Amino acid sequence: MTTQDSRALPLAGVRVLDLGQFIAVPFCTLWMAWLGAEVIVVESGGRMTARGAPPFAPGHYGNPDASGYFNSLYAGKKSCALDLTSDAGRDVARRLATVCDVMVDNFSTGVMDKLGLGYEAMSALNPRLIALSNGAFGRSGPMKNTRGLHSTVNLFSGVADVTGYVDGAPRIHGGVLPDPLSGIFGHFAVLTALHERERSGKGQYIDLAMYEAMLTLIPEAIIDFTMNGNEPRRVGNRDRKKAPYGIYRCAGDDKWIAISVQNDRMWASFCKAIGRADLCEDGRYTSAAGRVDDVVEIDRLVEAWTREQSVDAAADLLQKAGVAAGPVLRCDELLTNEQLQARGMIVAPPHPVAGTFPQLGLPWRMDSLQADYRRAPLLGEHTHEIITGLLGMSQGEFDAMNAAGVLN
């Protein structure tokens, strides 16, 4: 890791070998790239797990350089095409690990050892190497060889068990929540390891289990079951101690507003804002406990008002009255949201194949520094640079491996 000047991005000089697939590890290293790290993605045209995922840019269906999924999660990184099924390809990967600060993967347990890239072997060659391995159930314990994607992780973690409507079945969260969540945990674990290495001079191995990251979402349920033996009780969008609290339909097609009345003072403000000051005098609702006890009627009263309002007008009115409220936004609405745009969170690095498309950037800002928002690489775009430049191999060696299909 090179010395940074006072205006360098936090991870300037850090080099990362990215062997990740799908979302968790690519999300982890996406933040690293945006924070200035040189992230080298090892991939192969013969096994394009990420690049084969839709949606594709219009007119480019199936083009590995036009996958919206890849171009979002691999922005700012470098691509080195390498066939890891070949002895020569694995040798190059091992050489890369010796010149990197960080190595990350989310293969099945045991794959890295089979590739000759296990931490014990690599740390012997590069004692300062920090390795993060992300699996559904980690790399130790009786379930270390059990495979699982997001739905399995969601269920096994118990998060699905506490999620759902009253008297309904457990519900799996939409999308792939365990992946970016574990990616965030992995990102900060690597930052901590880098910080520790500055003191000790040594690298370390980080064993990250996705389901353990998910457990952090439900500490109350775990504590209540562990200490009191209480099974989780699903409450839908409601809260056990506050009301009104939930998602309420507004005027228009599939328009919703989130409202959270935090205390009795806010309840009074809410009632006055919607023109129902009489509710403040109703003894049944003057306390949070009373409102929770009669939550069905409370929700009916609230939605009777929200259904007649546009979501933006309702949110603006309630916010001005000091009530915690905001519109529920679809993904496309997030990308055009004025607040996110004003804070510079919507970025759109131009791409030579896919064109310019908006995506979410880092969820924080850095004083006087701008994140390194660069486009995703083309397949194998940096292979020559990495093989002949970083590793110092000759042009003849490069040509020979290329002819043999190693750099595919």
Side-chain angles (χ1 to χ4, degrees), residues 22-24 27 53-54 69 106 134-138 141-143 145-185 208-250 252-261 288-289 291-304 306-307 311 324-334:
F22 288 102
I23 296 175
F27 189 85
Y69 165 85
N106 58 348
N134 177 47
F137 302 102
M143 295 187 68
N145 293 316
T146 304
R147 302 177 183 181
L149 298 177
H150 56 90
S151 297
T152 302
V153 173
N154 205 320
L155 290 165
F156 194 86
S157 70
V159 173
D161 194 37
V162 304
T163 305
Y165 293 108
V166 179
D167 299 325
R171 297 287 291 266
I172 295 177
H173 288 268
V176 285
L177 178 61
D179 296 76
L181 182 64
S182 60
I184 291 171
F185 271 78
L208 176 62
M210 295 177 71
Y211 91 96
E212 290 177 358
M214 286 289 285
L215 288 174
T216 64
L217 298 180
I218 54 171
E220 297 90 346
I222 293 172
I223 292 171
D224 196 23
F225 180 79
T226 302
M227 297 183 65
N228 305 318
N230 293 328
E231 292 281 353
R233 180 170 57 89
R234 288 180 284 276
V235 295
N237 289 320
R238 292 170 179 161
D239 187 88
R240 292 176 175 82
K241 295 183 178 181
K242 296 190 288 285
Y245 181 103
I247 310 297
Y248 302 93
R249 187 182 293 276
C250 291
D253 182 26
D254 200 26
K255 297 294 184 179
W256 302 78
I257 186 173
I259 300 173
S260 174
V261 171
R291 294 191 295 275
V292 170
D293 286 343
D294 204 8
V295 66
V296 173
E297 177 63 13
I298 286 289
D299 283 347
R300 187 193 68 78
L301 291 170
V302 173
E303 194 154 284
T306 60
R307 278 182 173 272
V311 64
V328 178
L329 301 176
R330 301 188 307 266
C331 291
D332 59 322
E333 292 174 324
L334 282 173

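Heads up: numbering here begins at 1 and tracks the sequence. The structure presented is a predicted model; accordingly, all values stated were derived computationally and were not measured.
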Would the number of heavy atoms belonging to other residues, nucleotides or ligands and lying under 6.0 Å from CG of Leu217 be above 12?
->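 Yes.
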Is it true that atom CG of Asp332 has more than 12 heavy atoms of other residues, nucleotides or ligands lying nearer than 6.0 Å?
->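 For Asp332, atom CG is crowded (more than 12 foreign heavy atoms under 6.0 Å).
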Please identify each residue that fulfils ring pair (Phe, Tyr, Trp, His ring centres under 6.0 Å) with Phe22, with sequence neighbours left out.
->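 For Phe22, no residue satisfies ring pair (Phe, Tyr, Trp, His ring centres under 6.0 Å) once neighbours in sequence are set aside.
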Side chain to side chain donor-acceptor pair (under 3.5 Å): pairs with one or both residues in residues 208-222, sequence neighbours excluded |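 Sorted result for residues 208-222: empty, none.
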Looking only at heavy atoms, which two atoms of [X] and [Y] are closest? And how far apart?
{"X": "Gly138", "Y": "Ala209", "answer": "N-CB, 3.5 Å"}
{"X": "Pro178", "Y": "Met214", "answer": "CA-SD, 3.7 Å"}
{"X": "Ser182", "Y": "Asn134", "answer": "OG-ND2, 3.9 Å"}
{"X": "Tyr69", "Y": "Ala53", "answer": "CD2-CB, 3.7 Å"}
{"X": "Ser157", "Y": "Ile218", "answer": "O-CD1, 3.7 Å"}
{"X": "Ile247", "Y": "Ala258", "answer": "CD1-CB, 3.6 Å"}

Non-hydrogen side-chain atoms of [X] and [Y] separated by less than 4.5 Å:
{"X": "Arg300", "Y": "Val296", "value": "no"}
{"X": "His150", "Y": "Ile23", "value": "no"}
{"X": "Arg238", "Y": "Val166", "value": "yes"}
{"X": "Phe137", "Y": "Thr152", "value": "yes"}

Nearest 0.5 Å, what's the [atom1]-[atom2] distance between [X] and [Y]?
{"X": "Ile172", "Y": "Asn154", "atom1": "CD1", "atom2": "CG", "result": "5.5 Å"}
{"X": "Asp167", "Y": "Arg233", "atom1": "CG", "atom2": "CZ", "result": "10.0 Å"}
{"X": "Met210", "Y": "Leu215", "atom1": "CE", "atom2": "CG", "result": "12.5 Å"}

Side chains of residues 158-165: which donor-acceptor pairs under 3.5 Å do they make with residues two or more places apart or in other chains?
unit_1 : atom_1 : unit_2 : atom_2 : d
Asp161 : OD1    : Arg234 : NH1    : 3.4
Thr163 : OG1    : Val159 : O      : 2.7
Thr163 : OG1    : His173 : NE2    : 3.2

Answer yes when Arg330 and Asp254 have at least one side-chain N-carboxylate O distance shorter than 4.0 Å, and no when they do not.
->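 Salt bridge between Arg330 and Asp254, a charged N being under 4.0 Å from a carboxylate O: no.
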Contacts of type side chain to side chain donor-acceptor pair (under 3.5 Å), residue Asp293, not counting sequence neighbours |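 With neighbours one apart ignored, the set is empty.
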Could you pull out all residues at least two apart from Asn237 that satisfy side chain to side chain donor-acceptor pair (under 3.5 Å)?
->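 Once residues adjacent in sequence are excluded, Asn237 has no partner under the side chain to side chain donor-acceptor pair (under 3.5 Å) criterion.
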Which residue pairs satisfy the salt bridge (charged side-chain N to carboxylate O under 4.0 Å, His left out) criterion with at least one member in residues 239-249, sequence neighbours excluded?
->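 Non-adjacent pairs meeting salt bridge (charged side-chain N to carboxylate O under 4.0 Å, His left out): Asp239-Lys242.
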